[in-house]
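Naming convention: chains lettered A, B, ... in sequence-line order (proteins, then strands); numbering from 1 in each chain.
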Number of protein chains: 2
Amino acid sequence: MQIAEEVVGQIQAGVLKPGELIPSESELVRTYGVSGGTIRKAMAEVRASGLVETRHGKGSTVVDRPPVRHRSSDRFRRSHRQGGKAAYLAESAQSGATAEVKVLHIGPVEVPAEIADRLGVDAAAQVLARRRLYLRNGTPVETATSYLSWDVVKDIPELFAENPGGGGIYARLEDHGHEFAEFVETLQARPSSKVEAAELALTSGAPVIRLVREAVTTSGRVVEVCDTLMAADQFVFQYRIPAAD
Amino acid sequence: MQIAEEVVGQIQAGVLKPGELIPSESELVRTYGVSGGTIRKAMAEVRASGLVETRHGKGSTVVDRPPVRHRSSDRFRRSHRQGGKAAYLAESAQSGATAEVKVLHIGPVEVPAEIADRLGVDAAAQVLARRRLYLRNGTPVETATSYLSWDVVKDIPELFAENPGGGGIYARLEDHGHEFAEFVETLQARPSSKVEAAELALTSGAPVIRLVREAVTTSGRVVEVCDTLMAADQFVFQYRIPAAD
DNA sequence: CAGTGGTCTAGACCACAAA
DNA sequence: TTGTGGTCTAGACCACTGG
């Protein structure tokens, strides 16, 4: 812990600059006069602080800046959609980062039990799943799967396309008479499993956030459920809560 | 990783039951025929999964069940306050758990830079801080510090008391003409530092959530900023977002 | 190829818990 | 006192990187 604190301190004090390689583990072994295993644990601590990125065979680099993106609750404003951008790209445009969306799968699937409950469909029903991976500056930060009731999507061919058109799927749904009343988001943070860590290019155990969003129409129906897994270090969430009675 | 998966599998399969001690590390060394260091790392993996709690000198126990509490965004409804309960206790009443609040400190402090910014006060200003620790079923789950502008609180003696009376500090503020318009919550999840883990009785590195809430009055002023640190495994957050234009 | 991080070993010593 | 987890050592071997 002492060694880790010293290294972190050197980074924060600017002795080690962003983009720079920090001393190798064997070098630290020599300078501190401790064994390799101890240095390994110290470096694991430094990594956990998020100030450093380690690559096997190369070394550890001071990270340029923890790239955090804001998720504010006004990202569902219609005015963002009418600008011709999906929520994700609308946000990225504000922060000046390169954003990319990779579509992993679009097609009918058997609905997972938890989603069926939220969508209000039968347990064995077929739904449309749209699974995609979001990248930011080339690194994956988020996987998201939208589930849509079949009877809602069957008349909207755009929802089967990789690119659903300007404004994203929410705009298409409103085009077809599904007017949204509200979105309900449920968040939970937990350590990542191994496969999740691999998907999001995280070290195993690094925190992830699971966010499940229900899109509720003015008729009270949940037409879409979006199940999202995010690298926790990449996001800050902001919600405005009216002080209702 | 293989050993960790096998142990986790045994827990999930019910071979190892909640409350039960799992085999000791030296026992695992014998059964798997690997060295102690390897077992240590495997157990660290199992711990990270959250299925197990380890106590030095005793062993590792299968955790009974992760007790999760909901934080819904309607917990600031005035009707909850008028019922004579603070937000925290109002929530706990719904979930049937024993809740406890321990006041750690109430008094004037020099305002932290980040808070000064949000409160809209000078950098060196004095503010009232109310620091408290929330316990659930006897274990700490959350620390929270409320910061209030001095000129707001100086006329409200209840805010200096351990128990500010029915409805909590928000009710007292509204009693004195500060009517709330909205609350803005900002969340971020990250691994816990050593001291944070100690405060919340977590294993170091387990995810925590930092939540900062600003209470905004109808006159547009932020009268309170509440800085909260929570054990991530204890909370699920839910927010309702109106589909505004 | 040399240097780096990643994993493992066998053993030592310490601190804590419970009988 | 015994058994537990927690930390460290000195050294081995492997896999990856980049010249």
Side-chain angles (χ1 to χ4, degrees), chain A residues 1-8 10-11 16 19-63 138-139 192 194-195 197-198 201-206, chain B residues 1-8 10-11 16 19-63 138-139 191-195 197-198 201-206:
Chain A
M1 295 302 314
Q2 293 165 4
I3 295 173
E5 275 171 26
E6 193 162 326
V7 174
V8 167
Q10 285 183 3
I11 294 172
L16 302 168
E20 208 169 288
L21 272 174
I22 75 171
S24 76
E25 296 191 357
S26 43
E27 200 167 331
L28 292 173
V29 165
R30 286 191 295 274
T31 64
Y32 286 101
V34 297
S35 91
T38 308
I39 290 294
R40 287 242 84 214
K41 282 180 62 180
M43 284 307 300
E45 230 6 83
V46 175
R47 260 191 298 280
S49 80
L51 290 170
V52 128
E53 263 181 0
T54 300
R55 280 217 318 242
H56 189 171
K58 179 132 184 253
S60 293
T61 322
V62 180
V63 89
T139 63
S192 55
K194 235 190 342 170
V195 293
L202 296 172
T203 59
S204 179
Chain B
M1 296 300 315
Q2 293 164 4
I3 294 174
E5 274 171 26
E6 192 163 325
V7 173
V8 166
Q10 285 183 2
I11 294 172
L16 302 168
E20 208 170 285
L21 273 173
I22 75 171
S24 77
E25 295 191 357
S26 43
E27 199 167 331
L28 293 174
V29 164
R30 286 192 294 274
T31 64
Y32 286 100
V34 297
S35 90
T38 307
I39 290 293
R40 286 243 84 214
K41 282 180 62 180
M43 284 307 300
E45 230 9 82
V46 175
R47 262 191 297 279
S49 79
L51 290 172
V52 128
E53 263 181 1
T54 300
R55 282 218 317 243
H56 189 172
K58 179 136 185 246
S60 293
T61 322
V62 180
V63 88
T139 64
S192 55
S193 74
K194 236 190 342 172
V195 293
L202 298 171
T203 59
S204 180

Straight-line distance of A:Gln2 CD to A:Thr38 OG1, nearest 0.5 Å: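 Going from the CD atom of A:Gln2 to the OG1 atom of A:Thr38 covers 11.5 Å.
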
Rounded to whole Å, please give me the gap between [atom1] in [X] and [atom2] in [N].
{"X": "A:Ile3", "N": "D:dC8", "atom1": "CD1", "atom2": "C1'", "value": "11 Å"}
{"X": "A:Arg47", "N": "C:dG5", "atom1": "CZ", "atom2": "C1'", "value": "8 Å"}
{"X": "B:Glu45", "N": "C:dT7", "atom1": "CD", "atom2": "P", "value": "10 Å"}
{"X": "B:Arg30", "N": "C:dA10", "atom1": "CZ", "atom2": "P", "value": "15 Å"}
{"X": "B:Met43", "N": "D:dT7", "atom1": "CE", "atom2": "C1'", "value": "17 Å"}
{"X": "B:Leu21", "N": "C:dA18", "atom1": "CG", "atom2": "C1'", "value": "12 Å"}
{"X": "A:Tyr32", "N": "D:dC8", "atom1": "OH", "atom2": "C1'", "value": "17 Å"}
{"X": "A:Gln2", "N": "D:dC8", "atom1": "CD", "atom2": "P", "value": "9 Å"}

Which nucleotides of nucleotides 11-19 of chain D have their base under 4.0 Å from a protein heavy atom (B), which only their sugar-phosphate (S), and which neither (-), written as one string 5' to 3'? ----BBSS-

Is any side-chain nitrogen or oxygen of A:Ser35 closer than 4.0 Å to OP1 or OP2 of D:dC8?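 No.
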
Between A:Thr38 and B:Ser26, name the one whose nearest nucleotide on DNA chain D is closer to the 5' end.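 Nearest-nucleotide comparison on DNA chain D picks B:Ser26.
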
So A:Met43 and A:Arg47, do their side chains get closer than 4.5 Å, heavy atoms only?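 The answer is yes, as the side chains (C-beta and beyond) meet within the 4.5 Å cut-off.
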
A:Leu28 side chain reached by A:Ile3 side chain, heavy atoms, under 4.5 Å: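 In short, these two side chains do not touch, never coming nearer than 4.5 Å.
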
Under the salt bridge (charged side-chain N to carboxylate O under 4.0 Å, His left out) rule, what pairs show up with a residue in residues 49-59 of chain B, not counting sequence neighbours?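 Found none.
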
Please determine, for the side chain of A:Ser24, which listed nucleotide (C:dG5, D:dT9, D:dG5) has the closest atom?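 It is C:dG5.
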
Restricting to non-hydrogen atoms, name the atom on B:Ala42 and the atom on B:Ala4 that form the minimum distance, rounded to 0.1 Å.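 Shortest heavy-atom separation between B:Ala42 and B:Ala4 comes out as O-CB, 3.6 Å.
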
